[in-house]
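Data block below; observations after.
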Amino acid sequence: MRLTKNIPPVLAALVAGLIAAAATGALGGGAANIAFAAPEFTMPVFTIDAFFAIAIPLALLVIGAENAQATGVLMAEGYRPPVNAMTIISGIGGVAAGLLGGHNANIGGPMTAICSSEQAGENKEGRYAATVANGALFAAFGLIAGAAVPIVLRLPSALIGTVAGLAMISVLLSAFQNAFGKSLGNQTGAFVALAVAMSNISLLGISAPFWALVAGVIVSALVETGNVGERQAA
């Protein structure tokens, strides 16, 4: 029983899925191109078009979607996230990543949700270890992407989707309970945000998560202002 508690259910599901895929011949074929991907410096070039088409939408997406999601899940787990510091570090990380030709380095909403949930351990004060391990794995994956990506592509898409879904179950359950609990207000705004996020809409080069937050806040402000006042008074 002790051994079972020390093994994450998602990891056990991944191992079982890999065994089943190998036994049934579902693994893809082809040799992996093993190579070391060294970081390469990219000289920044400023243009007005890139500023309005890339920089501004990316900043809005990071602050309004990824960072907002991460802040929300941390608060739901009982933490007090340093919002200003998270935003500043995301900006510095984005600049550093851009110099090496990478995408923006910011606080990841889904990974933050997993690493701050009970799946990362019962001790809330020690869950930061999951984030450290996650960052180390991401860095290692980037360095050996030439070998790792072909291996991942050989895995059945159903297996990848199933494992990813299992990892998010507890996070989604917690989010639904917090969003639609009978004792909480803003249920309409939460539902609208969920619907917009699931619509996969994209406007002005910005994806659905950002617009889901915008729509949810607007709907809550228009039709559920009383709920906000009642909670503040309480």
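- When hydrophobic residues (I, L, V, M, F, W, Y) are linked wherever their side-chain heavy atoms come within less than 4.5 Å, Val217 remains an isolated member.
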Just distance, no hydrogens or angles: give the donor-acceptor pairs under 3.5 Å from side chains in residues 81-90, sequence neighbours left out.
from	atom 1	to	atom 2	distance (Å)
Thr87	OG1	Val83	O	3.0
Ser90	OG	Asn67	ND2	3.4
Ser90	OG	Met86	O	2.8

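- Residues passing the side chain to side chain contact (heavy atoms under 4.5 Å, CB included) test with Val196, sequence neighbours excluded: Val192, Ser199, Ile201, Trp211, Ala212, Ala215.
- Residues Ala193 and Gly216 come closest through the heavy atom pair CB-CA, 4.1 Å.
- Counting only heavy atoms from C-beta outward, the side chains of Ile107 and Thr112 approach each other to under 4.5 Å.
- Applying the under-4.5 Å side-chain rule to Ile, Leu, Val, Met, Phe, Trp and Tyr, the cluster around Phe41 extends to Met43, Leu99.
- Val132 shares a hydrophobic cluster with Tyr128; the chain of contacts runs through ILVMFWY side chains whose heavy atoms sit under 4.5 Å apart.
- Qualifying side chain to side chain contact (heavy atoms under 4.5 Å, CB included) partners for Ile48, counting only residues two or more places apart in sequence or in other chains: Phe46, Phe52.
- With sequence neighbours excluded, the residues forming a side chain to side chain contact (heavy atoms under 4.5 Å, CB included) with Tyr79 are Leu74, Glu77, Ser116, Lys124, Arg127, listed by chain and number.
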